Colleague: 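Shown below is the structure under consideration.
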Protein chains: 2
Amino acid sequence: MPREGQAVISILRDKIVSGVFPAGERLAEIPTAELLGVSRTPVRIAFRALAQEGLLIKLPRRGYQVRKVTNDEILGAVEVRGVLEGLAARQAAEKGLTEDTRVQLAECLKNADAIFEKGYLTEEDIEQYNVINKQFHDLIINASGNPAIQSAMQLNEHLPFASVNALVFNPKQLDREFRRFNFANMQHHVVFDALLKQQGARAEAVMKEHAHATLSQVDLCESPDSRTCNPSK
Amino acid sequence: MPREGQAVISILRDKIVSGVFPAGERLAEIPTAELLGVSRTPVRIAFRALAQEGLLIKLPRRGYQVRKVTNDEILGAVEVRGVLEGLAARQAAEKGLTEDTRVQLAECLKNADAIFEKGYLTEEDIEQYNVINKQFHDLIINASGNPAIQSAMQLNEHLPFASVNALVFNPKQLDREFRRFNFANMQHHVVFDALLKQQGARAEAVMKEHAHATLSQVDLCESPDSRTCNPSK
DNA sequence: ACCCCATTTTTTGGATCCAATAATTAATTA
DNA sequence: TAATTAATTATTGGATCCAAAAAATGGGGT
């Protein structure tokens, strides 16, 4: 049965990103292995990999700890995402889109527009939009033809949004979410337009600004110190 | 004796970066373990880590392979380095330097200047300059106060320069190397000036351009296809 | 002679075992 | 009673073992 391997990493990553293992939580190999019903070996490998991704911090002889992400770190990661995806958009524009990529991007935009047409959002809509959103961004990164961008984004992928995912999906703020997501979607259209017209600088600028849209209306925790958005315990 | 662990990763990384394991070389666990005189376990861990870093490619049931880096990938990685270090410089300028950082940066520049004063370069000079150069760049990344930049740079750190290191240290071109390194050093002075004056946009622009200085005068392999600079076999 | 199936071999990944080290606790002494 | 030292415990990391899966090779059949 336990013919898995890579699965342990995904399971643990999910538990960290989703907050089941809150920030600051200490993780030891043996309890985690027992929890998952596997031996220590795959857990050891997973801990190392997640530490390399930046989700876990290694404590000398005290196991691992779920990394606390401060608001400043989230804002910093958003800046990094901005310059990297901005670069991707510029290079994609300069290279010019392939017919295939153009069609797929247009498809993404059409599907996203359909979500916003009815004028309000449900939780399922947001989940659906997030899938389309990721597709759109991945397509542009691929269209840049620069694999180093993908590598650099990898670490950024899960890290900063672990703590804000809960806020993004806050069902109490669905009306505010609508305006924010709709704005982000319109920025997608502008980026697409710049890509079609091969306007590299414009594509870069809009994409860079777009990175901030993910968070602009989200209430981060108020305190400016190192409190986390995922308060442990 | 084998109380090492992390060492195996470093040893293998060195062998890959320095070209002892040339690009395209296939690596299996058992021969590598025997070569290093350790068991398979640390080699397995090292292979996984190096694959995560992007130095190795995992082949389904055929072991690992040293990643081939094409010229286009190197140029792409230089672009990524440019936007990331450009961001670091901008944020460092906007925040303003601490007294401590200012002193350390000035020290770096003074030491670097001393190398170029005699008007020519030896191989030892280049090695020494590379150490100072790394210090300078690391100081600015730290001064940005944005840990996400460091994370994103990590993958970029070894990957693209594995194949060009041999060219950079080519002792036959020491006269050309002098002009190139001296130019890079002067760009450092401009970046430092921008940081002192808290000119974020200027610091970003110069640093972004500076990333290209690493390669601008280096002869990359001529062919535009997927030949590597580190031809295997 | 060629193709397909079976067997063997190679390789990977998980489980368990063992050694070493650091931390914590208890005991003894001042 | 407090501090220091020793002992025990907990935890990590390497080595070895085992099982599963895929690839390669060999044999048999058409």
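For clarity, every value in this text was computed on a predicted model and none was experimentally measured. Below, read A as the first sequence line, B as the second, and so on, with proteins coming before strands; counting in each chain starts at 1.
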Colleague: In whole angstrom, what separates B/Leu59's CG from C/dT10's P?
Modeller: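 Distance, rounded to whole Å: 19 Å.
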
Colleague: Rounded to the nearest Å, what distance is computed from the CG atom of residue B/Leu36 to the C1' atom of nucleotide D/dA15?
Modeller: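 Checked: the CG to C1' distance equals 15 Å.
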
Colleague: Please report the distance, rounded to the nearest Å, between CZ in B/Arg44 and P in D/dG13.
Modeller: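 Interatomic distance, CZ of B/Arg44 to P of D/dG13: 15 Å.
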
Colleague: Scan for salt bridge (Lys or Arg N to Asp or Glu O under 4.0 Å) pairs involving residues 31-47 of chain A, sequence neighbours excluded, and state none if there are none.
Modeller: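 Salt bridge (Lys or Arg N to Asp or Glu O under 4.0 Å) check on residues 31-47 of chain A returns A/Glu29-A/Arg40.
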
Colleague: Quick one: bend of the helix from C/dA1-D/dT30 to C/dA30-D/dT1 from 5 pairs per end, to 10°?
Modeller: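 Roughly 10° between the end axes, to the nearest 10°.
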
Colleague: Could you run down the sub-3.5 Å N/O contacts of the protein with nucleotides 22-24 of chain D?
Modeller:
from, atom 1, to, atom 2, distance (Å)
D/dA24, OP1, B/Arg62, NH1, 3.3

Colleague: Send over the distance from A/Ile30 CD1 to C/dG14 P, rounded to a whole Å.
Modeller: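 That distance rounds to 18 Å.
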
Colleague: What I'd like to find out is whether the side chain of A/Leu105 reaches to under 4.5 Å of the side chain of A/His188, using heavy atoms alone.
Modeller: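 Side-chain contact under 4.5 Å: no.
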
Colleague: Only counting residues at least two apart or in another chain, list the ones meeting side-chain hydrogen bond (donor to acceptor under 3.5 Å, both in side chains) with B/Thr101.
Modeller: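 Applying side-chain hydrogen bond (donor to acceptor under 3.5 Å, both in side chains) to B/Thr101 gives B/Thr98.
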
Colleague: Whether B/Ser39 contacts D/dA15 is assessed here as follows: a side-chain N or O lying under 4.0 Å from the phosphate OP1 or OP2. Is that the case?
Modeller: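 For B/Ser39, the contact criterion (side-chain N or O under 4.0 Å from OP1 or OP2 of D/dA15) is met.
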
Colleague: Taking A/Ala49's backbone N and O only, do any of them form a donor-acceptor pair with B/Gln52's side chain (distance below 3.5 Å, no angle check)?
Modeller: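 Yes; judged by distance alone, with no hydrogens or angles, the pair exists.
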
Colleague: Could you tell me whether the phosphate oxygens of D/dG13, OP1 or OP2, come under 4.0 Å of any side-chain nitrogen or oxygen in A/Lys58?
Modeller: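 Indeed, a polar side-chain atom of A/Lys58 lies that close.
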
Colleague: Would you mind telling me which of D/dA15, C/dG13, D/dT12 lies closest to the side-chain atoms of B/Glu29?
Modeller: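 Between D/dA15, C/dG13, D/dT12, the one nearest the side chain of B/Glu29 would be C/dG13.
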
Colleague: Tell me, please, which residues at least two apart from B/Gln128 pass side chain to side chain contact (heavy atoms under 4.5 Å, CB included).
Modeller: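 Listed in chain order: B/Ile115, B/Asp125.
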
Colleague: What is the distance, to the nearest angstrom, from the CD1 atom on B/Ile9 to the C1' atom on D/dG14?
Modeller: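 Rounded to whole Å, this separation is 14 Å.
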
Colleague: Could you state the atom-to-atom distance from OH of A/Tyr64 to P of D/dT11 in whole Å?
Modeller: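 So the OH-P distance, A/Tyr64 to D/dT11, works out to 14 Å.
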
Colleague: Holding to side chain to side chain contact (heavy atoms under 4.5 Å, CB included), I want the full list of residues that pass it with A/Glu204, two or more places apart in sequence or in another chain.
Modeller: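 Result, side chain to side chain contact (heavy atoms under 4.5 Å, CB included) vs A/Glu204: A/Arg90, B/Lys208.
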
Colleague: Can you tell me the distance, in whole Å, between the CZ atom of A/Arg40 and the P atom of C/dT16?
Modeller: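 To the nearest whole Å, that distance equals 11 Å.
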
Colleague: With A/Ala88, which residues qualify under side chain to side chain contact (heavy atoms under 4.5 Å, CB included), at least two apart?
Modeller: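 Only A/Ile140, A/Ile141, A/Ser144, A/Ile149 meet the side chain to side chain contact (heavy atoms under 4.5 Å, CB included) criterion with A/Ala88.
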
Colleague: Under the side chain to side chain contact (heavy atoms under 4.5 Å, CB included) rule, collect the residues that match up with A/Val20, sequence neighbours excluded.
Modeller: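 Residues passing side chain to side chain contact (heavy atoms under 4.5 Å, CB included) with A/Val20: A/Lys15, A/Ser18.
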
Colleague: Send over the distance from B/Ile11 CD1 to D/dG14 P, rounded to a whole Å.
Modeller: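 Going from CD1 in B/Ile11 over to P in D/dG14 covers 12 Å.
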
Colleague: Taking side-chain hydrogen bond (donor to acceptor under 3.5 Å, both in side chains) as the definition, give me every residue that meets it alongside A/Gln104, ordered by chain and number, with sequence neighbours left out.
Modeller: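 Here no residue qualifies.
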
